[in-house]
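Down below is the structure, laid out as structure tokens.
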Amino acid sequence: MSATLGRRVLRAGAGLTATGALGLGYAVGVERQWFALRRARLEVLDPVTAAGRTLRVLHVSDLHLRPGQRLERRFVEGLAALEPDLVVNTGDNLSHPRAVPEVLRALGSLLTRPGLFVWGSNDYHGPRPKNPANYLFRPQHRVLGPELPWRDLRAAFVEHGWLDATHTRHTLTVEGVRIAVGGVDDPHIGRDDYDRIAGPADEPYDLRLGLTHSPEPRVLDAFAADGYDLVLAGHTHGGQLRLPGYGALVTNCGVDRSRARGASRWGAHTRLHVSAGLGTSPYAPARFACRPEATLLELVPRAGDTGRAAPAEGRPPSARSRASG
């Protein structure tokens, strides 16, 4: 190798190193705390019974809060000014044993509004150090940390009037919109048992809403087979690391990269919305081309719809609990 070529190689290597360092610094120091509110309009309400109605749903997920995260907490506190009709929390609120007061302080007056929630793995277990390469190359590799005080958080949510949809079906009316809700525990760590909520609603509703933390296809298929109009999920962090023109590198679950965040269709009838979430693990505190977010969903009646898709035949309804709100 000539001296000139050697110098060029060294300069190129130095340039790549500097670019990588700048990108990492941006991902850790800037974008990770550059919180965004995204808005989306979804045609999912019954076009006949909900004609002329609109339901504003604030979807929050993956806060991963721990003491000292003032910027994230203040952003979440500010969401109360949106005055949503309904708040839906799809899990992974905690990242520290002393995080429950942080979560409650962040949600603040949102807890006085109608709310629904299900749990994620990082409500049950705290994060642990692990090889960051596993996120890209071994997404099914799970390292569960110590147990977190999720029961205390649940008690506080329920005391404020929020409904726990974990393996439970609820019915409620919000702003004149009749909603049937069903939720499962976190499929990412195998806690889901859809049979506990299986079966179609036994009377007409304006909206059938499914909740899950991780958008695993087996759960989404079950919701779709039972005729759910909309399923809300989190977990993916939107891919957390995205490349312009390519999108998410991974989803950390069974859905394809195109569904790592935002709205999509799942089958002929069901709509899926995946939140990119607001936080990160303290051991992977980076986001690139994927700002942390909450979403305000404007749910409106379906246009030009001939009716609700019939649920799959042959699925026997199983025993389930039901609550009214």
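We're numbering straight along the sequence, starting at 1. As a basis for the values below, the full set of heavy atoms in this structure was taken, side chains included, without hydrogen atoms, waters or symmetry mates.
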Donor-acceptor pair, [X] side chain versus [Y] backbone, under 3.5 Å?
X: R291; Y: W34; answer: yes
X: T236; Y: A260; answer: yes
X: E77; Y: A106; answer: no

Heavy-atom closest contact ([X] atom, [Y] atom, distance):
X: G238; Y: A248; answer: O-CB, 3.8 Å
X: A286; Y: Q240; answer: O-NE2, 2.9 Å
X: G52; Y: P301; answer: N-CG, 4.1 Å
X: R261; Y: A276; answer: CB-CB, 4.1 Å
X: N93; Y: V103; answer: O-CG2, 3.6 Å
X: P215; Y: L220; answer: O-CD1, 3.7 Å

So does [X] pair up with [Y], basic N to acidic O under 4.0 Å?
X: R259; Y: D256; result: yes
X: R208; Y: D226; result: no
X: R287; Y: E31; result: no
X: R154; Y: D164; result: yes
X: D46; Y: R178; result: no
X: E298; Y: R39; result: no

Return yes if a side-chain donor-acceptor contact under 3.5 Å exists between [X] and [Y], otherwise no.
X: R32; Y: T280; result: no
X: T49; Y: D206; result: yes
X: S61; Y: S275; result: no
X: D229; Y: H269; result: yes
X: N89; Y: W162; result: no
X: H167; Y: R196; result: yes

Checklist entry - Looking at H64, R66, Q69, which one forms a side chain to side chain contact (heavy atoms under 4.5 Å, CB included) with H96? => result R66

Item to check | Full working for salt bridge (Lys or Arg N to Asp or Glu O under 4.0 Å) between E293 and R38 | outcome: CA-CA 7 Å; E293 68 177 32; R38 188 166 54 81; 2.9 Å; yes

Next on the checklist: Using a 6.0 Å distance limit plus a 45 degree cone around the ring axis, check whether R191 lies over the aromatic ring of Y124.
Outcome noted: yes

In Å, rounded to the nearest 0.5 Å, how long is the span from [atom1] of [X] to [atom2] of [Y]?
X: D193; Y: T166; atom1: CG; atom2: OG1; answer: 12.5 Å
X: L55; Y: L45; atom1: CG; atom2: CG; answer: 6.5 Å
X: T168; Y: L116; atom1: OG1; atom2: CG; answer: 11.0 Å

Item to check | Heavy atoms of other groups near R257 CZ, more than 12 under 6.0 Å | outcome: yes

Item to check | Parallel, tilted or perpendicular: ring planes of F157 versus W119, cut at 30 and 60 degrees | outcome: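 Ring orientation of F157 relative to W119: parallel.
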
Next on the checklist: Students often mix this up, so state it plainly: with edges at 30° and 60°, are the rings of H188 and H235 parallel, tilted or perpendicular?
Outcome noted: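 Judged by the thresholds at 30° and 60°, the geometry between H188 and H235 is tilted.
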
Checklist entry - Can the ring centroids of H273 and H59 be said to lie less than 6.0 angstrom from one another? => result yes

